[in-house]
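First comes the structure, then the notes that go with it.
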Amino acid sequence: MKPYVICLMHSSLDGRTHPSRWRPKGAGTDWFEKIHDELGGDAWVIGRVTGSEFAKGKPYPTGTAETFPREPWFARRDARTYGVVLDAQGKIGWGRSDIGGDPIVVVLTESVPDSHLAGLRGEGVSYIFAGRSEIDLALALDILNRELGVKRLLVEGGGVANGAFLRAGLIDEFNLILSPAIDGAKGAPFVFDSTDPDSDKRAPITAMTLESTRELGGGVLLLRYLIKNDPQGLVR
């Protein structure tokens with residue numbers, strides 16, 4: 001069963017997501033965590049690049065005598081909220097088992113070596129498999145719902161991860177915190193983006209409805225859109 005998926009992002013007026021580059025500086029940058037908490041997800045998900053920013057460890061050893069089945073492994077199942085990280089090839093050495101108190105659950109592919117699984121287990125980092133060499137996002141959501149009871153999921157970047165969920169037709173709602181600031185330069189990440197192979201793929205969105213507009217103060221707006229996807233366009 002698919003959880004209800006909300007994409008939450010904070011951007012400048014030109015859709016860029018690195019506040020350190022915005023001008024004027026500090027425009028509404030304290031709102032993201034507040035809105036995150038208000039939305040009350042059972043789990044939140046980020047991509048590998050964003051996940052790497054939270055990692056404290058080094059890559060795990062490349063060899064092990066152990067072998068592990070390609071099935072979900074959980075260090076904890078009792079958390080109120082989980083932090084889910086997409087890491088298809090197992091690149092992140094965590095050096096921690098939680099982010100902000102939320103236990104980490106890594107989404108892997110079956111191509112990840114046993115040595116990486118040993119490293120995750122040794123640090124108490126849970127993991128699931130969703131695909132052989134590429135992540136099947138719909139399958140990942142089904143496993144999170146079935147195994148951990150995730151019914152409400154917050155997708156929170158980066159742009160490539162957001163774009164993958166969007167093109168898969170999996171986002172039900174988009175909440176954008178819009179700050180009165182502009183990046184205005186080349187190279188900053190966008191709210192939604194893609195890898196080069198996916199650059200010509202389009203999301204199966206048939207309608208977007210502005211559900212509400214909320215002024216947060218200081219010129220910052222919270223825009224809430226409901227998204228309708230074409231069921232025939234879903235990627236599985």
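Positions are given from 1, in the same order as the sequence printed here. Only this structure's heavy atoms are used, side chains among them; waters, hydrogens and symmetry mates stay out.
- For the atom pair CG (Asp142) and CG (Asp136), the distance works out to 9.5 Å, reported to the nearest 0.5 Å.
- Taking 4.5 Å as the limit, every side-chain heavy atom of Ser199 sits out of range of all side-chain heavy atoms of Lys201.
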Next on the checklist: One pair to check against side chain to side chain contact (heavy atoms under 4.5 Å, CB included): Glu173 and Arg224. What are the steps and the verdict?
Outcome noted: CA-CA 7 Å; Glu173 180 178 323; Arg224 180 182 176 225; 2.8 Å; yes

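- With sequence neighbours left out, the side-chain contact (heavy atoms from CB on, under 4.5 Å) criterion links Glu123 to Tyr60, Trp94, Val125.
- With sequence neighbours left out, the salt bridge (charged side-chain N to carboxylate O under 4.0 Å, His left out) criterion links Glu147 to Arg77.
- Legend: salt bridge (charged side-chain N to carboxylate O under 4.0 Å, His left out) pairs involving residues 46-68, not counting sequence neighbours: none detected.
- For Ala185, the side-chain contact (heavy atoms from CB on, under 4.5 Å) criterion is met by Arg21, Asp183, not counting sequence neighbours.
- Few gaps surround CZ on Arg76; more than 12 heavy atoms of other groups in view lie less than 6.0 Å from it.
- Leu166 places a side-chain heavy atom less than 4.5 Å from the side chain of Ile205.
- Residues Leu117 and Val112 form a side-chain contact, since some pair of their non-hydrogen atoms from C-beta on lies under 4.5 Å apart.
- Between Ile92 and Ala55, the shortest heavy-atom contact is CG2-CB, 3.6 Å.
- Minimum heavy-atom separation, Asp42 to Lys151: OD2-N, 2.9 Å.
- Thr206 has its side chain out of reach of Asn229: every pair of non-hydrogen atoms, C-beta onward, lies at least 4.5 Å apart.
- Using a 30° and 60° split on the angle between ring planes, His36 and Trp44 fall in the perpendicular class, above 60°.
- Inter-residue side-chain proximity for Ser194 and Arg167 is flagged as met; some heavy-atom pair is nearer than 4.5 Å.
- Among residues two or more places apart in sequence or in another chain, the side-chain contact (heavy atoms from CB on, under 4.5 Å) test is passed with Ser11 by Thr17, Leu176, Leu178, Val191.
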Item to check | Full working for side chain to side chain contact (heavy atoms under 4.5 Å, CB included) between Asn162 and Asp193 | outcome: CA-CA 7 Å; Asn162 293 344; Asp193 210 337; over 6 Å; no

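- No single ILVMFWY cluster, assembled from side-chain heavy atoms under 4.5 Å apart, contains both Leu154 and Phe165.
- A 4.5 Å side-chain heavy-atom check between Val220 and Pro180 finds at least one atom pair inside the cut-off.
- Partners of Lys91 according to the salt bridge (charged side-chain N to carboxylate O under 4.0 Å, His left out) rule, which considers only residues two or more places apart in sequence or in another chain, do not exist here.
- Pro59 meets the side-chain contact (heavy atoms from CB on, under 4.5 Å) test with no other residue; sequence neighbours excluded.
- Contact between Leu86 and Ala161 at its shortest, heavy atoms only, is CD1-CB, 4.3 Å.
- For the side-chain hydrogen bond (donor to acceptor under 3.5 Å, both in side chains) test, no residue two or more places apart in sequence or in another chain qualifies with Ser126.
- Using a 4.5 Å cut-off on side-chain heavy atoms (C-beta onward), Phe54 and Ile46 make contact.
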Next on the checklist: Does Arg121 form a side-chain hydrogen bond (donor to acceptor under 3.5 Å, both in side chains) with Tyr127? I'd like the steps, not just the answer.
Outcome noted: CA-CA 9 Å; Arg121 289 182 178 224; Tyr127 58 80; 2.8 Å; yes

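- Between Gly131 and Leu139, the closest heavy-atom pair is N-CD2, 4.0 Å.
- Cluster annotation: Leu153 is connected to Ile171 through the hydrophobic network of ILVMFWY side chains, with a link wherever side-chain heavy atoms come within less than 4.5 Å.
- In plain terms, the two heavy atoms of Ser20 and Arg23 that are nearest each other are O-NH1, 3.4 Å.
- Side chains of Ile104 and Ile99 form a contact here, defined as non-hydrogen atoms less than 4.5 Å apart.
- With values rounded to the nearest 0.5 angstrom, Arg16 atom CZ is found 12.5 Å from Leu13 atom CG.
- Tyr4 and Leu8 end up in the same hydrophobic cluster when Ile, Leu, Val, Met, Phe, Trp and Tyr side chains are linked at under 4.5 Å.
- Distance check, rounded to the nearest 0.5 Å: CZ of Phe32 to CD of Glu156 gives 3.5 Å.
- Contacts classified as side chain to side chain donor-acceptor pair (under 3.5 Å) and involving residues 105-118 (residues at least two apart or in different chains) are given here: Arg70-Asp114, Gln89-Ser111, Thr109-Ser111.
- Note that the CD1 atom of Ile6 and the CD1 atom of Ile227 stand 11.0 Å from one another [nearest 0.5 Å].
- Evaluation of the side-chain hydrogen bond (donor to acceptor under 3.5 Å, both in side chains) rule for Asp172 yields Lys2 as partners, not counting sequence neighbours.
- With values rounded to the nearest 0.5 angstrom, Ile128 atom CD1 is found 14.0 Å from Trp73 atom CH2.
- In this structure, Phe74 is not a member of the same hydrophobic cluster as Val106, with clusters built from ILVMFWY side-chain heavy atoms closer than 4.5 Å.
- Across every non-hydrogen atom of Ala181 and Pro24, the tightest pair is CB-O, 3.9 Å.
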When the side chains of residues 210-218 are checked against the rest of the protein, which donor-acceptor pairs come out under 3.5 Å, sequence neighbours left out?
from	atom 1	to	atom 2	distance (Å)
Arg214	NH1	Glu38	OE1	2.9
Arg214	NH2	Glu38	OE2	3.1

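- In this structure, Leu39 is not a member of the same hydrophobic cluster as Tyr82, with clusters built from ILVMFWY side-chain heavy atoms closer than 4.5 Å.
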Next on the checklist: Show, in sequence, the C-alpha distance, side-chain angles and deciding distance for Val84 and Val107, and conclude whether the side chain to side chain contact (heavy atoms under 4.5 Å, CB included) test is met.
Outcome noted: CA-CA 7 Å; Val84 181; Val107 182; 3.5 Å; yes

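- Residues passing the salt bridge (charged side-chain N to carboxylate O under 4.0 Å, His left out) test with Asp102: none are found, sequence neighbours excluded.
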